[in-house]
Amino acid sequence: MPTSVDFETFYDKKNKLSASVQGADLYIRDPRFNAYMVSVYDGTEAWAGHLSRFNWDALDGQHLLSHNAGFDARVYSRLVEQGLAPSLNIPSWQCTANLSTYLCMRRDLGRAVEFLFGVQLDKSVRGNADGKTWEDLTKEDGGKSMIEYAKQDAIYCWRIWNKYGHLWPTLEKKLSALTIKQCRRGVQIDADKLELFIGVAEKMRVQAEQALPWMAEGKKPTSPKAVAEQCRRVNIPCPPVKSHDGEEAYDEWAAQFSAKYRWVKAYTDFRVINKFITTLNTIRERLRENGTFPFELLYFGAHTGRWSGSGGFNMQNMRKEPLYCDDEGWLITDPDKLKEIERALDPKNGGQLPSWVAYALDIRALFTARPGRKLILSDLSQIEPRVLAWLAGDFKLLELLARGQSPYEAHARSTMKWEGGELKYEDKELYALAKARVLGLGFGCGWKKFITVAYNMASLDITKDDPEEYQATNDEGELCFKADGTPVMKDGYGYNSRRIVKEYREQNPLVTGLWKTLDESFKQSEGGDFEMALPSGRSLRYGEVRRERRAIHDEETGETKWKWAMTALAFDQKRNAVVRKPFYGGLLTENLVQATARDVFGEHLIALDEAGGMDPLWSVHDEAILDCDASRSTKDVKHLMSQAPEWIPGLPVSADTQEAPHYKK
DNA sequence: GCAAGATGCGCC
DNA sequence: AAAGGGCGCATCTTGC
């Protein structure tokens with residue numbers, strides 16, 4: 001029988017002493033850090049009290065459990081370092097927070113216990129301990145309430161494992177343990193480069209800041225109010241809200257006014273540079289003496305099972321493009337100039353930065369292998385379209401993929417009547433369309449959204465060939481064009497987008513069939529839970545399916561329409577809570593594909609970890625970053641990541657693998 | 001003074 | 001009938 005362990009440690013939010021603010025590593029090394037209490041439970045007896053009274057030998061040789069094992073294990077190691085705990089033999093330390101998330105997307109103990117046992121825990125004791133030392137707590141009530149609280153936590157941690165541990169597959173246990181190991185191990189940082197980047201970026205920030213007229217009045221640099229006031233002052237419209245009016249609308253606004261007003265470019269630049277500096281500062285603050293950077297990655301951070309970044313630094317969303325700085329310290333944002341840089345950097349053209357670029361600040365270049373080792377980067381090639389084809393039973397497409405064709409070309413051959421040679425080179429237009437269809441239309445996306453999706457994913461403006469009657473006209477009746485020469489279209493336009501969406505659906509009955517099947521199964525589970533089985537053996541659960549009327553607000557007309565929708569309980573990341581959301585066939589298909597792709601990748605991660613000689617440092621959904629010894633090559637990695645797990649036979653898997661001096665796009 | 005919401009900027 | 005989805009963090013404003 002395992003033993004659960006829970007440490008209570010001093011935290012002080014006001015003075016920025018806490019694991020959530022500092023990250024676990026910095027927190028436990030902070031001079032103010034103090035672990036004052038430990039509680040344990042072995043299924044029969046619970047004990048909680050001050051560390052000085054704890055019989056550590058009781059844990060020797062025991063399999064341990066903690067709710068957030070990564071944290072408690074680090075606290076223990078720190079205590080050993082400080083001579084406050086003996087070094088014990090601990091064969092395993094499992095995490096019930098990770099288990100709870102796997103089971104029901106409730107990570108914190110309170111909500112997990114509420115869902116799994118129907119018991120409401122009182123978490124107020126911990127909340128009230130903010131800024132209080134053990135001495136403070138003993139003065140209050142002899143520490144009694146904290147002792148009871150800590151006991152309760154250890155007991156429920158143990159009970160979660162005891163009741164549900166067997167539902168956690170072996171592979172998932174390994175992935176949980178690997179994730180905990182990765183976070184603690186961290187990654188080697190090029191510290192000199194870090195300092196250089198921060199120095200250059202700070203100068204760039206000053207440059208941008210000096211161009212903001214409202215700074216003189218003491219307004220904040222990115223204050224929306226200050227920007228709006230400035231717009232009124234010079235009699236130009238306020239910048240369109242990107243999430244509301246669309247990115248394109250904003251780009252047009254910026255293009256129109258940036259030549260005349262330098263602050264138009266500068267205030268957006270400021271945001272970009274400032275974000276960059278803040279991110280780099282987090283690395284600097286958390287850097288350990290050996291130059292490694294510990295991070296946090298959440299096992300099962302998304303309801304599909306994907307990992308999520310966490311803990312103040314997200315390892316999964318580092319920008320791909322460097323910040324380019326010109327001789328005067330301005331951020332280079334002009335698309336033509338960026339293209340020129342890209343051309344110049346191509347090895348075929350010399351592979352050097354143009355002379356007018358003073359610095360290229362690439363955050364990814366800071367992440368390297370440990371001394372004497374090498375970095376290997378490997379990502380699964382278009383795993384989601386491949387998985388979709390497998391799930392839909394599209395054997396024709398699978399066969400083309402198995403022959404080594406890209407999903408875009410295979411799709412064009414399979415459904416778009418392409419019979420020529422290599423599509424990418426022979427018909428660029430069709431290739432772009434195939435790419436947009438594959439990436440954009442597999443999950444039920446509608447024509448309106450597809451216009452942006454095609455633009456973002458395949459740089460395709462599918463409205464440009466729309467018939468003239470859809471093109472907007474000005475007051476004089478002349479046709480309207482954007483700055484780049486493409487037409488401005490009327491509301492209700494989208495002739496070609498509608499046509500493409502319709503054609504895709506007609507030509508891919510297996511995919512639409514999958515949407516329909518899932519949609520119908522979902523509807524049939526009305527009144528109960530909908531459980532979607534995944535090929536790997538795990539499943540996604542959608543709780544308490546209901547048919548209900550939901551208000552839809554039409555942005556254009558301002559009207560509110562009521563529509564029937566099928567809804568279920570699902571985890572909402574933004575609110576960090578389980579809420580009711582609408583679902584439909586396309587969305588369920590998307591969840592199914594993403595979850596299955598994650599499971600395939602999970603098998604690869606464990607295979608890589610167990611192969612030896614290479615440490616998976618962290619992962620980004622379909623991409624593994626490995627710190628390898630000299631005996632390992634890209635071939636080994638590529639081979640392991642090209643296997644289809646036995647539960648998904650015939651899935652054509654392939655990986656792009658490279659050795660690199662540092663992390664890169 | 002703090003929390004929550006809106007917005008922006010990043011990623012697959 | 002139609003419906004992109006999955007994430008995290010910083011900054012600013014507003015409301016209590």
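The model shown is predicted, which means the values in this text are computed figures rather than measured ones. Per chain, numbering begins at 1; letters A, B, ... match sequence-line order.
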When all nucleic acid strands are considered with a 4.0 Å heavy-atom cut-off, which category describes [X]: base, sugar-phosphate, or nothing?
X        : result
A/Gly305 : nothing
A/Leu441 : nothing
A/Gly586 : nothing
A/Gly585 : nothing
A/Thr279 : nothing

Between protein and nucleic acid, restricted to nucleotides 1-6 of chain B and to nitrogen or oxygen atoms under 3.5 Å apart, what atom pairs and distances do you find?
none

Quick one: [X] [atom1] to [N] [atom2], roughly how many Å, whole number?
X        : N      : atom1 : atom2 : result
A/Met315 : C/dC9  : CE    : P     : 13 Å
A/Leu280 : C/dA10 : CG    : C1'   : 15 Å
A/Leu298 : C/dG8  : CG    : C1'   : 10 Å
A/Lys449 : C/dA2  : NZ    : P     : 18 Å
A/Ile363 : C/dC9  : CD1   : P     : 14 Å
A/Leu518 : C/dA3  : CG    : C1'   : 15 Å
A/Arg107 : C/dC7  : CZ    : P     : 12 Å
A/Asn281 : C/dA10 : CG    : P     : 11 Å

Quiz item: Looking at A/Trp307, is A/Arg598 sitting on its ring face, NZ or CZ under 6.0 Å from the six-membered ring centre and within 45 degrees of the normal?
Solution: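 Ring-cation test returns yes.
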Does the plane of the ring in [X] sit parallel, tilted or perpendicular to the ring in [Y]? Use 30° and 60° as the thresholds.
X        : Y        : value
A/Phe367 : A/Phe313 : tilted
A/Phe601 : A/His604 : perpendicular
A/Trp618 : A/Phe295 : perpendicular

Practice problem: Would you mind building the protein contact string for nucleotides 11-16 of chain C? One character per nucleotide, 5' to 3', B for base within reach (heavy atoms under 4.0 Å), S for sugar-phosphate only, - for untouched. | Solution: SSS---
Practice problem: Output yes when at least one side-chain N/O atom of A/Ser308 is less than 4.0 Å from OP1 or OP2 of C/dG8, else no. | Solution: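 Result: yes.
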Self-check item: Between B/dC11 and C/dG4 - P atom distance, rounded Å
Solution: 22 Å
Below 3.5 Å is the cut-off: list the nitrogen or oxygen pairs between protein and nucleotides 9-12 of chain B, distance only.
| residue | atom | partner | partner atom | Å |
| --- | --- | --- | --- | --- |
| B/dC9 | OP2 | A/Lys242 | NZ | 2.4 |
| B/dG10 | OP1 | A/Arg319 | NH1 | 2.7 |
| B/dG10 | O5' | A/Arg319 | NH1 | 3.3 |
| B/dG10 | N2 | A/Asn317 | ND2 | 2.9 |
| B/dG10 | N3 | A/Asn317 | ND2 | 2.8 |
| B/dC11 | OP1 | A/Lys320 | N | 2.5 |
| B/dC12 | OP2 | A/Lys320 | NZ | 3.4 |
| B/dC12 | O3' | A/Asp622 | OD1 | 2.9 |
| B/dC12 | O3' | A/Asp622 | OD2 | 3.3 |
| B/dC12 | O2 | A/Arg306 | NH2 | 3.0 |

Quiz item: Taking side chain as C-beta onward, heavy atoms only, is A/Ser521 less than 4.5 Å from A/Phe530?
Solution: yes
Quiz item: Would you find a donor on one side and an acceptor on the other, under 3.5 Å apart, between the side chain of A/Thr278 and the backbone of A/Asn274?
Solution: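 Indeed, once roles are kept as given, a pair shorter than 3.5 Å links the two residues.
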